[in-house]
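Encoded as structure tokens, the structure appears first; notes follow it.
Just the heavy atoms: all of them, side chains too, but no hydrogens, waters or symmetry mates, feed the values below.
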Amino acid sequence: GTSDADLKATIGVLLECATEAEKKAKLDLTVQFLDADGAVIDRVDNSIGLKSGKKTFETKLTTLKYVVPLIKSAKISAVAK
């Protein structure tokens, strides 16, 4: 039979974020994976704390393997709070 691991794929996202703000802020990030028509196939949401300087944001999305070839682009949204 087919195991769960055979059906799933992991997509890694690395984003470098930078700010000159002195006060620590929470940065909410959303990455939407889109098909050729621009429809959302899947998404991942995550948050990081960010203060003056640079920080690399890393998150992973586990999705079904058949979905991966359908992804044609990604839309990234960031909101600082």
Q: Go through the steps for Ile71 and Ile11 under the test side-chain contact (heavy atoms from CB on, under 4.5 Å), then give the verdict.
A: CA-CA 11 Å; Ile71 297 171; Ile11 300 171; 3.6 Å; yes
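- Hydrophobic clustering, with ILVMFWY side chains joined whenever heavy atoms are under 4.5 angstrom apart, groups Ile76 together with Leu61.
- The shortest distance between side-chain heavy atoms of Phe33 and Val44 falls below 4.5 Å.
- In this structure, Leu29 CG and Ser47 OG are separated by 7.0 Å, a value rounded to the nearest 0.5 Å.
- Distance alone, capped at 3.5 Å, is enough to place a donor-acceptor pair between the Lys72 side chain and the Pro69 backbone.
- For the atom pair Ile41 CD1 and Gln32 CD, the distance stands at 11.5 Å (nearest 0.5 Å).
- In this structure a side-chain-to-backbone donor-acceptor pair under 3.5 Å is present from Asp35 to Asp37.
- Here the closest non-hydrogen pair linking Thr62 and Lys8 is CG2-CD, 3.9 Å.
- For the atom pair CG of Leu14 and OG1 of Thr56, the computed distance is 7.0 Å after rounding to the nearest 0.5 Å.
- No side-chain heavy atom of Leu7 sits less than 4.5 Å from a side-chain heavy atom of Lys65.
- Distance check: Lys55 NZ to Leu15 CG gives 13.0 Å after rounding to the nearest 0.5 Å.
- Between Glu16 and Lys54, the shortest heavy-atom contact is OE2-CD, 3.3 Å.
- Just one of Asn46, Leu27, Leu50 meets the side-chain contact (heavy atoms from CB on, under 4.5 Å) condition when paired with Phe57; it is Asn46.
- Using a distance-only test at 3.5 Å, with no hydrogens or angles considered, no donor-acceptor pair links the side chain of Lys24 to the main chain of Gly49.
- Rounded to the nearest 0.5 Å, atoms CG (Leu70) and CG (Asp42) are 11.0 Å apart.
- Between Asp45 and Asp28, every side-chain heavy-atom pair lies at or beyond the 4.5 Å cut-off.
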